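Have a look at the structure below before the remarks.
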Amino acid sequence: MTVDKIYKDKSGNQPFRFNEEVAKVFPDMLRRSVPGYAASIEAIGALAARYVLADTNCYDLGCSLGAATLAMRQGIRRPGCRIVAVDTAPAMIKRCRKLVAEDDRQFARDTAVEVVQADIRATNIENASLVVLNYTLQFLDLQDRDAMVQRIYDGMNDGGLLVLSEKVVDEDPQMEALLVDLHHEHKRRNDYSSLEISQKRAALENVLLPETVAAHRDRLRNAGFASTAVWLRYFNFVSVIAIK
Ligand code: GEK
């Protein structure tokens with residue numbers, strides 16, 4: 001795994017981009033920066049085994065290198081399914097296609113995977129039994145999020161499941177400060193320096209726009225989801241499941 005040294009000696013304050021440099025170190029970056037990431041991927045596999053029905057579609061929206069796609073593919077127990085993995089970043093898509101091809105070679109799985117370079121806001125969603133937004137909605141403009149979640153709901157079958165993982169902000173400023181501090185301490189334990197942490201934080205300003213857990217659950221309810229639950233929380237990193 002290539003080690004993430006992107007903010008080690010970078011000066012200046014360029015906004016964060018999902019480019020080649022990031023795609024190359026992405027698994028290491030997520031492992032060291034997103035508390036609970038591995039648990040979210042593991043759960044997506046387990047949920048695929050339970051919720052994906054025969055002859056339906058699954059969507060991995062903002063797939064990056066396809067970790068959730070591969071977990072779904074491994075978890076699916078039914079025939080005739082198709083996974084659509086979507087990302088706008090060409091560097092991610094290129095590597096994702098290679099990893100899916102490698103999975104094909106190793107395991108010859110039944111479930112087809114389509115890796116598509118596109119904006120998830122323009123992706124058609126239909127006949128879906130499982131939709132995954134694993135740390136992706138946070139990168140969409142705030143005003144686009146209601147419509148995105150509504151389109152997902154409309155494209156899902158009854159009984160289908162959405163996994164929504166996000167970095168969130170706490171309503172209570174004192175708790176928010178504590179949770180951010182705990183996250184930074186976690187990153188320091190994972191060998192990021194204070195300078196790297198502060199530079200990454202500045203680069204993500206206005207790129208990653210977190211909302212509260214309540215705002216996410218309200219949006220899901222307003223779209224029509226009958227049930228929602230937080231199934232994972234680690235500092236300010238939360239994963240919610242919603243059932244249609
Ligand atoms: C994982 N889900 O490993 N349309 C398509 N893709 C987008 C858009 C958009 N409008 N905006 C951002 N992205 C993955 C991790 S990373 C999370 C997801 C993170 C893509 C962007 O290019 C990037 O690949 C991904 O969303 C977010 O489970 O880096 O914190």
Side-chain angles (χ1 to χ4, degrees), residues 1 4 6-7 15-48 58-75 83-97 99-100 103 113-125 130-149 151-152 162-168 183 187 192 197 200-201 203-211 232 234-241:
M1 205 184 296
D4 170 22
I6 293 178
Y7 291 95
F16 186 80
R17 296 259 178 268
F18 290 101
N19 54 18
E20 183 60 36
E21 189 186 26
V22 168
K24 211 162 135 189
V25 300
F26 198 67
D28 181 64
M29 177 184 280
L30 287 199
R31 187 182 60 80
R32 288 162 67 209
S33 330
V34 179
Y37 175 75
S40 72
I41 296 296
E42 195 182 305
I44 286 164
L47 290 165
C58 302
Y59 293 85
D60 181 5
L61 303 175
C63 61
S64 299
L65 303 184
T69 290
L70 296 181
M72 275 193 252
R73 199 185 204 188
Q74 192 178 358
I83 302 173
V84 184
V86 185
D87 206 290
T88 33
M92 292 292 187
I93 289 294
K94 194 177 86 195
R95 282 167 189 267
C96 183
R97 287 196 173 123
L99 292 168
V100 170
D103 189 64
V113 176
E114 244 173 70
V115 182
V116 184
Q117 190 192 325
D119 193 310
I120 59 170
R121 289 168 291 195
T123 300
N124 190 36
I125 293 163
L130 178 63
V131 179
V132 171
L133 276 168
N134 211 32
Y135 307 101
T136 303
L137 194 69
Q138 59 195 17
F139 293 107
L140 259 53
D141 290 341
L142 287 169
Q143 67 267 21
D144 293 344
R145 296 182 187 182
D146 287 357
M148 183 73 236
V149 170
R151 283 198 316 102
I152 290 172
L162 168 66
V163 179
L164 171 66
S165 309
E166 290 274 294
K167 183 174 192 190
V168 298
H183 177 225
K187 289 183 78 169
Y192 283 115
I197 294 168
K200 174 80 177 281
R201 191 170 195 202
L204 281 172
E205 192 94 38
N206 303 322
V207 175
L208 190 170
L209 304 165
E211 296 177 274
L232 172 77
Y234 195 155
F235 305 143
N236 268 344
F237 294 79
V238 168
S239 188
V240 178
I241 46 178

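First listed ligand is number 1; within each ligand, the first listed atom is number 1. Side chains are part of it too, since the values below use all heavy atoms of this structure and drop only hydrogens, waters and symmetry mates. Keep in mind the model is a prediction, meaning the values are calculated, not measured. Count residues from 1 along the sequence.
- In this structure, the separation between CD1 on Ile197 and NE2 on His183 is 8.0 Å, given to the nearest 0.5 Å.
- A search for side chain to side chain donor-acceptor pair (under 3.5 Å) contacts involving Arg121 returns Asp119, Asp144, not counting sequence neighbours.
- Figure legend: Arg32 and Tyr192 shown as a cation-pi pair, the cationic atom lying under 6.0 angstrom from the six-membered ring centre and within 45 degrees of its axis.
- With sequence neighbours left out, the side chain to side chain donor-acceptor pair (under 3.5 Å) criterion links Arg145 to Glu211.
- Residues passing the side chain to side chain contact (heavy atoms under 4.5 Å, CB included) test with Arg151, sequence neighbours excluded: Met148.
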Filter the ligand 1-protein atom pairs down to N or O on both sides and distance under 3.5 Å, then list them.
| unit_1 | atom_1 | unit_2 | atom_2 | d |
| --- | --- | --- | --- | --- |
| ligand 1 | 2 (N) | Gly62 | O | 2.8 |
| ligand 1 | 2 (N) | Asn134 | O | 2.9 |
| ligand 1 | 3 (O) | Tyr37 | OH | 2.6 |
| ligand 1 | 4 (N) | Ile120 | N | 2.9 |
| ligand 1 | 6 (N) | Thr88 | N | 3.3 |
| ligand 1 | 6 (N) | Thr88 | OG1 | 3.4 |
| ligand 1 | 10 (N) | Asp119 | OD1 | 3.0 |
| ligand 1 | 22 (O) | Asp87 | OD1 | 2.6 |
| ligand 1 | 24 (O) | Ser64 | OG | 2.8 |
| ligand 1 | 24 (O) | Asp87 | OD1 | 3.3 |
| ligand 1 | 24 (O) | Asp87 | OD2 | 2.7 |
| ligand 1 | 28 (O) | Asn134 | ND2 | 3.0 |

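- Residue Glu42 places its CD atom among 12 or fewer non-hydrogen atoms of other residues, nucleotides or ligands, all under 6.0 Å distant.
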